[in-house]
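The next block holds one structure in the form of structure tokens; read it before the comments.
What you see is a predicted model; the values in this text were computed from it and never measured. Proteins get letters first, then strands, A, B, ... in listed order; numbering begins at 1 in each. Heavy-atom basis, side chains included; hydrogens, waters and symmetry copies ignored.
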Protein chains: 2
Amino acid sequence: MERPALPLGSPPTGRADAVRNRKHLLATAREMLAEQCGADGLTMDGLAERAGLGKGTVFRRFGTRAGIFQALLEDDEHAFQEQVLAGPAPLGPGAPALDRLIAYGRARVAFMIRNRDIARASLDGRQPIPAGTESPLSRAHIRMLLAQMPLDGADLEMLAIQLTAALDGPLLLYLSASDFTEPTGIEERIGLAWQDLVRRLCGT
Amino acid sequence: MERPALPLGSPPTGRADAVRNRKHLLATAREMLAEQCGADGLTMDGLAERAGLGKGTVFRRFGTRAGIFQALLEDDEHAFQEQVLAGPAPLGPGAPALDRLIAYGRARVAFMIRNRDIARASLDGRQPIPAGTESPLSRAHIRMLLAQMPLDGADLEMLAIQLTAALDGPLLLYLSASDFTEPTGIEERIGLAWQDLVRRLCGT
DNA sequence: AGGTTAATCGGGGTAAAGTCCGTTTAGCCT
DNA sequence: AGGCTAAACGGACTTTACCCCGATTAACCT
């Protein structure tokens, strides 16, 4: 195993040029996504050429095509998590756990909708362990909030996984593109459904 | 658009040789999966050659590599749904909706664990509309059961999507391969968590 | 049966993903 | 500063998904 221990995590560590190139590649990828309006137009050759780097570098950095989108998503997610960890209540700390959980779900739904193209493109059926999408941060946060709530006898770890899936799944797997062009505010609808789901879980 | 209206659905319709070849390709794919112990070893060229057919045929039938796995999954799912629609209670009809919902979840978890490799391989970040995995049958069934339960004021459609995600998501996205090699009975654990989740939803 | 047609088949061609290894260079040690 | 080494770079190479279109054939009609 020569692959780095944290192949795709949040590795702003290592040699200076590696870190620089990684950032440069992510920035270039965002440019290309913005210009070409779609993830399909992003090829590894194209990215390497536009970034002025070799193809080997791109693959060593991200491992796979989906890896680029996973890295982009994690990048965005990092900024998002700042809001959650240190932002104003009820999303940030200072509110009751139930309120925070509801606020978190709504915020995450908005986040997923905003980044749904990248999120979808980050799915890769060939990777045995589904990275990126996994959002360990999301899961851990939900887990932490659940622990503060009166849920006697529940398997909190598994419940956190289920709720994470209930948040991300609709956007990743079950809602088609057409659902977002309809006039109805889909974001509000999913947000309400989340709120309702969580409230019912706590017995109102 | 020359693509057939039901490109990947359950199309045992059309010309006789097309239907025959489709079945033959699916069977050959299963053989290769069984022998090579893994979805990665299945290539389109290899499948075509082993089946004694042209590569073009494979692609016309399944559209994409992921399409093969989606077709395999739908095939298995068909047999599974028979149990649900006409099998013995509580999975089949005849039991209270809550019991059926719990039984369905447990059965689906078992199904997803059994087929997790194929299910994972059916994910494809390039398809704008996530087919196959979508399991409209699963969603519709859950939706139907929810309608029989005392859930006043809920958005049943969205709740069904969330619960479908809570069932499929863990296996598709959030549980890594290592979770299944551990001694702990993961299937039972997920099944219990599902039961608990649904019970809480109904207020005990 | 024979002819017509529209769909399927076949396999060579293209482009993009992913690999390899010789070359270069950042970071460190003296 | 100068050298050492492990890591990163680059781009040619291989593999594979996916496309195209002429050849073939099943289904239907008379």
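- By the 6.0 Å and 45° rule, B/R139 does not stack over the aromatic ring of A/Y174.
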(message) The test is side-chain contact (heavy atoms from CB on, under 4.5 Å); show your working for A/R120 and A/M112 and say whether it passes.
(response) CA-CA 10 Å; A/R120 294 270 358 265; A/M112 287 297 286; over 6 Å; no

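- Salt bridge B/R50/B/E35: present, at least one basic N to carboxylate O contact under 4.0 Å.
- In this structure, the side chain of A/R100 engages the main chain of A/V84 through a donor-acceptor pair within 3.5 Å.
- In this structure, the CZ atom of B/R126 is 17 Å from the P atom of D/dT16, given to the nearest Å.
- Contact annotation: A/T43 side-chain N/O to C/dA16 OP1/OP2 distance is not under 4.0 Å.
- Distance CG (A/L25) to C1' (D/dA8): 13 Å, rounded to an integer number of Å.
- As rounded to whole Å, 11 Å separates atom P of C/dC9 from atom CZ of B/F62.
- Rounded to a whole Å, the NZ atom of B/K55 is 12 Å from the C1' atom of D/dC20.
- A straight line from CZ of B/F69 to C1' of D/dA17 spans 13 Å, rounded to a whole angstrom.
- Side-chain N/O atoms of A/T64 include one lying less than 4.0 angstrom from OP1 or OP2 on C/dG18.
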(request) Between protein and nucleotides 20-30 of chain C, map the contacts as a letter string: B base, S sugar-phosphate only, - none, heavy atoms under 4.0 Å, written 5' to 3'. (result) -----BSS---

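- Salt-bridge check for A/R108 with A/D168: passed, with a basic side-chain N closer than 4.0 Å to an acidic carboxylate O.
- A salt bridge does not link A/K55 to A/E49: none of the charged side-chain nitrogens sits closer than 4.0 Å to a carboxylate oxygen.
- Rounded to whole Å, the distance from CZ on B/F59 to C1' on D/dA17 is 5 Å.
- Proximity of A/V58 to A/I68: side-chain heavy atoms (C-beta onward) are separated by under 4.5 Å at one or more points.
- Comparing A/G54 and B/D40 along DNA chain D, the residue whose closest nucleotide (by nearest heavy atom) sits nearer the 5' end is A/G54.
- Here D/dC18 is the nucleotide among D/dG10, D/dT16, D/dC18 with the atom lying nearest to any side-chain atom of B/R65.
- To the nearest angstrom, C1' of D/dA8 lies 15 Å from CZ of A/R22.
- Atom-to-atom, CD1 of A/I68 to C1' of C/dA17 comes out at 11 Å; the value is rounded to the nearest Å.
- Not one side-chain nitrogen or oxygen of A/N21 sits closer than 4.0 Å to the OP1 or OP2 atom of D/dA8.
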